[in-house]
Structures are given as structure tokens and as C-alpha cells.
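Report on the structure given below.
Just so it is clear, the structure is predicted and the values come from calculations on it, not from any experiment.
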Amino acid sequence: VKEITRDIKQLDHAKKNLTSSITTLNHLHMLVGGVDSLTLLTKRRQYGEVANLLQGVLNVQEHFDRYMSIPQIKQLSDRVKQIQGELGTQIQADFEEAFQGAGAKYGPGNQRQLKEACLVVSVLDPRVKKDLLNWFVKLQLSEYLVLFGENQDVAWLDKIDRRYAWIKRTLVDFEEKFGHLFPSDWEVSERICVEFCDLTRKELSKIMTKRKVEIDVKLLMFAIQRTTNFETLLAKRFTGVTLQEFQGKKSVSVAQPTSNPFEEESSNPFESDMENEEKTQSDDNKDNEKDTSSPFGGIISQCFETHLDIYIDSQDRNLSELVNRFLEDLRQFGTPRMESEDSSNVLPSCADLFVFYKKCMVQCSQLSNGQPMIDLTRTFQKYLKEYSNRVLLNSLPKQSKEGTSSASGILQSILKEGEITKFTEEEQCRICSILCTAEYCMETTQQLEEKLKEKVDPGLTSQIDLNPEQDTFHNVISSCIQLLVQDLETACEPALTAMSKGSTTGVTIFSNKNDFISDFSLKYRQIPLVSNTLLINTNYLSFRSLTVITNTLFYILIFYDHRFNLCGQIKNDLLLDTHSLKTVLLDLPSLGSQVIRKAPASYTKIVVKGMTKAEMILKVVMSPHEQPQGFVDNYIRLLSDSDINEFQKVLEMKGLRRGEQSNLLEIYRARIPISSILGSANDQTPVTSAPDQESSRIRKLEKLIKKRL
């Protein structure tokens, strides 16, 4: 088989080599002929034929890349490159002769030649096309640099419209006269616009730097508005494919869809007001928002970024005037009347404030997401504190006793050291309205912080922190709660005073609930506005404050009520009163309301724990002490978290003599840990939890009364 096929293989190889040689010789013939034809056509400026032939010659030349070591092939390749260079130089000269100078020869006679020349340029090295376009674009804009030089009157910001009107006319004129010369994929009109924008940005930057003192916020915003409108027009007209050739252009971040606290659906009571505000601005801002997501967004307007401090200062002044107007309106018209079941009675001024914030944030973010946004945030922070302190906090009714808390005010009333006047209904409405407003502002401030972080550059988000401003609104809430709790205490003060003096007048013996508890419950029901505002709007914080005060007062009555020396039945009545008072506190969320509200578990836990301790103290007081060891064991079992000071108060409540107290104290000291004795002696209990804080407050109040008595 090998003998038979050997000759066949040789013939196959010979045929293959012969075919390759014939093909190569044909290509060589085409290359040589093409080079000669190109030389002749180039001299005759027959660019239409040159464009077709040049592309074919370049394709044929690719077949000889592996034969460049042959001198003749290398010579032909160099000749092709030389012809390409000559074509580039010649076409550039033809364009300059047709368009430049007083003797420009552009007309019907050379339009076709120039159009065909552009087809040749598309085949040549890309650098030739770039150089030709750069020259032509600058030629079209040379008049612009003269008309709008920085020494010209039309160059200033108040006539910025004329710049954009000029480029519009120039583009229309270019499309009519020269648009058909250039291939559509060259995007010459877009290149002219991009170069115009680059020149305008640089020229505006220079002139604004020199004449900065002449810029006011009205002029600045006028120029910014006209510029962003022009950028929007460019985004609609062009695709922006040529912008990648302009290195150094500031990249514009694309606005991502996010949860806007002023736009998303929420339980915001002023959502409708904000929506109305958005509708009035939607037409103006719609195009601008689209502009920020286009490649032309900020291509000119970024030059205004360094001058946005003028805008920030203006907004600072506007916010100052706005806060002053809020104060004036509050003094003139007061706070709106508040319905007891309505938890959304916020001051209208807070909605106006945040709508203004939103408008400023949107305007500034369209121009810059850098340092100006941080500066605007600082201004926001300044006037959030101003609004919190000047408008809200200063509008609260003044406490009758300066420098004292509401609990100490009641104690002073009990001790006949002063009187606390109950708030009027108008003052109650004002406190509740300010409380609701502070809560609204605290929540909306958090949303504002999130939105600002979305608008700003990622590297600057760490500089945006509105937690201190949220704390100021939290302080307003605390002040409102303190005043409302004081008002509750003041309403119950007559019954508390009567009990503290040991008066038995009006106390019903052998009944389930004495007049004090009835009066106490009635007072709560008579002021549903305050109680509902506390319970609906401030949840755990309000429950906690109210419960701490109530438990404190009740402990005081237990420790210092000398009616225990009158009769044992009153002790039983007081134990029933403790249970009744706990029931009233647990039902407090539903008092004065048509809706049955279930108290939160945290609130129930505090009430149950506090009142259970009061019940345990009463049980210990009523237990026999004839067997000292058993009495101490019973006390430790019922009040495991007590200390020696509290144990001594219980002994005083029982009316024991000094000797009996000393004996029981010795037994108690022997039973409790030494650390508890040292801790109570130093009176320094670390605040590690909510119950510990309550106990500390109770002990301080007890010490105060004991010293006064």
C-alpha cells in the first residue's frame, strides 16, 4: 500500500504548494498594481476610487505579513504606509484650503471631493480622523471664543442664555451646510457640542473666579438652571458616544432608585403636604433628574460646584428667617387644638421645615454629590437644633418651681414648701402637640440622614451623622413627658396630701377601695388628653416615667404614713388600695378612650414589679414580730432584693421601740451578705438596669423627705 500511495502523496503536496504559490503571486500582482494605482489616484485626488482601492490593498497586504523578511515585500509595505501618510496630509490640506482663511474655496465644486475624502479618512489610521475632527471642531468654535471672551459683556452669568442660543444656531447652520460631508458615525455635531461644553466650563470657571464678589445667589441659581436645562436638551439630542474620548471629564454618578423618606408611602401625617409640594416641582425637576443619569449631566454645571457656598449661605439665611417665622406664628396663633384620640397633632411648621430641606437637598444633589452636600448637611444640623431648642423647647409652659423635677414639686407641695399650679387645657394641648412634633421630627431626621447618605459620594457618607440632632428632639420629648407627669401628679395631689398628713377624713373603712384610690382613678380619667398622649405616642419611655413616679409616691406614703398607729383595719385597707392602684395603672392605656388598648409587656412588667414590692412591704409591716428570727426570715423571703436601710424603715413603720429594732437589725445583718451592708452604707448602687434606676430614685426621694420630716 505504501508503494502504491507514495506517488499520490507527493502529487498532493506538489498541488498544495503550487496552489499556494499561484495565490501568493496573484496577491503580489494585486498589491503591486494597487500601489501603482493608489499613487496615481492620490495625485489626481480621486478620493472615491482611492477609498475603495485602499481598503482592498490593505486587505491584500495582510497576506504578506509573514514575508516581511523579503526586501521586495518590505518595500511594497513601506510604500503603502507612505501613500497613507500622503493621503492624510493631502486631505487635511484640502479641508484647510476649503474652510480656512479669507480665500476659502468650499462650494459646490469640491463638496463631493471632500465627502469622498472623508471616506478615505475612515480607512486611514484613526489618528488622522482625530486630528481632522479636532481641527474642524475648533474652527467651528473659533467665533465663540471671540464673541464670549471673558472681557466681553455677554460673557457674564446674567447673559448665559446667549451662549446656549449661539451653539444652537451654530449646530443648525452646520447641519444645513456641512452635515452631509461627514459620515453619520463620526457624530460631528455631538463632537462640536462636547467641545463647546468643555470650553464653556473652563471659561465660566475663569470668569467666576475673577468676579466672585459680583455673584449673588439669584444670579448663581439662574445660571445653574439655564445650564442644567441645556444639559438636559443635549441628553435628548445626542447619545454621548464621543465623550469617552474626552479624558479628565468629571464622571457624574447615576441616581439610583431609593426609598425617599419624603416620597415613600408611610404613616407620615404630612405626606399629603409633601406630595403637593412635589407636584409643584415635578415638572421642573423631572428633566433635571433624568439629566443626572445621562452622560451630559454636569458637563458644564460642575463649574458651579466651587461656588455653591453662596447657595449654602443663602439657604442658611432662609432657614434662619423660616425659624423666626415659626416662632412668630407660634406666639401669634398658638398651638392647634388637640383631639384626645388623635396622635398626629404635630405643628405645621415641622412639615414646612422638612419640605424646605428636601427642596434644598434635591437642588444641591443635582449639582454636586461632594463637599457641598456635606456643607448643606451642616446647615441642616444647625437649624434642626435651632428648631428643637427655640421653637419646641422654649414653647413649653414653664414649670412652677424652677430647678425641681415634677416629683420633687409634689414633695414640696406635700411638705407645704410650695404649690404647683395645674396646667390649663390650652397648656396641655401645647405640651402634647410639641411632644408629637418632636417625635415626628426625630423619626424624619433619621430618614433625612439616610437620604443624604444616598445622595452623597460613598467616600463621604461617614461625615453625615444626625444622631446629635435626634438626641435634641429626644430631650424635648423627655421634657414634655416630665411636664405631663407633673400635671398628673398635681391632679392627684390633694388625695396624696391628705394621706401623708394622716387624715382619716373621707377614708372609707371596711371597703374594697378608699376615696384616695377612687380620686386617683378619677383624676386619670379626667385628663385623657395627657394620658393618651403619653401612652399612644411615647410608648415605653412614657410608661416608664409615669410608673416610676407613681411607685415613688406610693412608697413614700407607705414609709411615712403614720396611720398605721391608728388601727389595723386601715392597714388592710391600704393593702387593698395597693392592689386597686395596680389595677388602675394596668388599665391606664384604655382610660378615657373608646378603643381598648392592650398595654405593652414591658409596661405591664414594670407596673407589676413595682406594685408587688409595695404589697410585700405592707405584708411585712402587718406580720407579727414576736418571734424575731421568723420575722426576719419572712422579710428576706418576701423582699429578697431589699437592704438594711429599707428593713429599718419597715421597723419604724411598725412602731417598734429602739431596743426591739436593734435586736431585729442584728439578726438581719447576720443573715444578709456583707457586700449588701457595705453597698447600702456607701449608698452607691451601680445603675445596671431599669429596676435599679427606679430603686435609686426612690431612695433619693425617701432621703429627702426623711431629712425634711
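Across every non-hydrogen atom of L376 and C364, the tightest pair is CD2-CB, 3.8 Å. Counting all heavy atoms, side chain and backbone alike, G459 lies closest to S462 at O-OG, 4.3 Å. For the residue pair S368 and M373, the shortest heavy atom distance occurs at O-CG, 3.2 Å. C480 approaches I434 most closely through the heavy-atom pair SG-CG2, 3.8 Å. Between V456 and G370, the shortest heavy-atom contact is CG2-O, 4.1 Å. The minimum heavy-atom distance linking L483 with P397 is given by the pair CD1-O, 3.7 Å.
Judged by distance alone, the side chain of E427 and the main-chain N or O of T424 form a donor-acceptor pair under 3.5 Å. The main-chain N or O of L219 is found under 3.5 Å from a side-chain atom of D216 such that the two form a donor-acceptor pair. A donor-acceptor contact shorter than 3.5 Å is absent between the side chain of N369 and the backbone of S365. In this structure, the side chain of T445 does not engage the main chain of Q470 through any donor-acceptor pair within 3.5 Å. Distance alone, capped at 3.5 Å, is enough to place a donor-acceptor pair between the S478 side chain and the H474 backbone. Looking at S314, its side chain never comes within 3.5 Å of a backbone N or O of V217 through a donor-acceptor pair. When atom types are taken as modelled, the side chain of E439 and the backbone of I477 share no donor-acceptor pair closer than 3.5 angstrom. Not one N or O on the side chain of Y387 forms a donor-acceptor pair closer than 3.5 Å with the backbone of V323. Between the side chain of T228 and the main chain of I224, a donor-acceptor pair closer than 3.5 Å is present. Formation of a donor-acceptor pair under 3.5 Å by the Y357 side chain with backbone atoms of F380 is found in this model.
Residues N324 and E328 have side chains that never bring a donor and an acceptor to within less than 3.5 angstrom of each other.
Separation of atoms CG (L347) and CZ (R430) is listed at 10.5 Å; rounding is to 0.5 Å. Rounding to the nearest 0.5 Å places OG1 of T472 at 11.0 Å from CD of E386. Distance check: I312 CD1 to D375 CG gives 6.0 Å after rounding to the nearest 0.5 Å. Between atom CG of residue L353 and atom OG1 of residue T444 there is a gap of 10.0 Å, rounded to the nearest 0.5 Å. The CG atom of L308 lies 10.5 Å from the CD atom of Q363; values are rounded to the nearest 0.5 Å. Remark: T227 OG1 to Q302 CD distance equals 11.5 Å, nearest 0.5 Å.
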**Message:** Run V346 and S433 through side-chain contact (heavy atoms from CB on, under 4.5 Å) and show every step you take.
**Reply:** CA-CA 5 Å; V346 300; S433 181; 5.9 Å; no
**Message:** side-chain contact (heavy atoms from CB on, under 4.5 Å), that's the test. Do F326 and D352 meet it? Break it down for me.
**Reply:** CA-CA 9 Å; F326 292 160; D352 296 340; 3.8 Å; yes
**Request:** Check the pair L460 / Q463 against side-chain contact (heavy atoms from CB on, under 4.5 Å), numbers first and verdict last.
**Result:** CA-CA 6 Å; L460 298 175; Q463 300 185 34; 3.4 Å; yes
**Prompt:** Going through the distances and angles, do S301 and F230 end up as a side-chain contact (heavy atoms from CB on, under 4.5 Å)?
**Reply:** CA-CA 10 Å; S301 58; F230 176 71; over 6 Å; no
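In this structure, the side chains of M208 and F304 come closer than 4.5 Å at one or more pairs of heavy atoms. Within the 4.5 Å cutoff, side-chain heavy atoms of L392 are placed close to those of F473. Side-chain contact between S479 and L396: present, with at least one pair of heavy atoms (C-beta onward) separated by less than 4.5 Å. No side-chain heavy atom of K382 sits less than 4.5 Å from a side-chain heavy atom of L319. Using a 4.5 Å heavy-atom cutoff, the side chains of Y383 and D316 are in contact. Under the 4.5 Å side-chain criterion, counting only non-hydrogen atoms from C-beta, L466 is not in contact with Q446.
Pairs passing the salt bridge (Lys or Arg N to Asp or Glu O under 4.0 Å) check and including a residue from residues 460-472, sequence neighbours excluded, read K385-E469.
Between D313 and R317, no side-chain nitrogen of the basic residue sits less than 4.0 Å from a carboxylate oxygen of the acidic one, so the salt-bridge criterion is not met. Checked for salt-bridge contact, E449 and K453 meet the test: a charged N lies under 4.0 Å from a carboxylate O.
Of the residues listed (I160, I300, L157), the one engaging R226 in a side-chain contact (heavy atoms from CB on, under 4.5 Å) is I160, and it is the only one.
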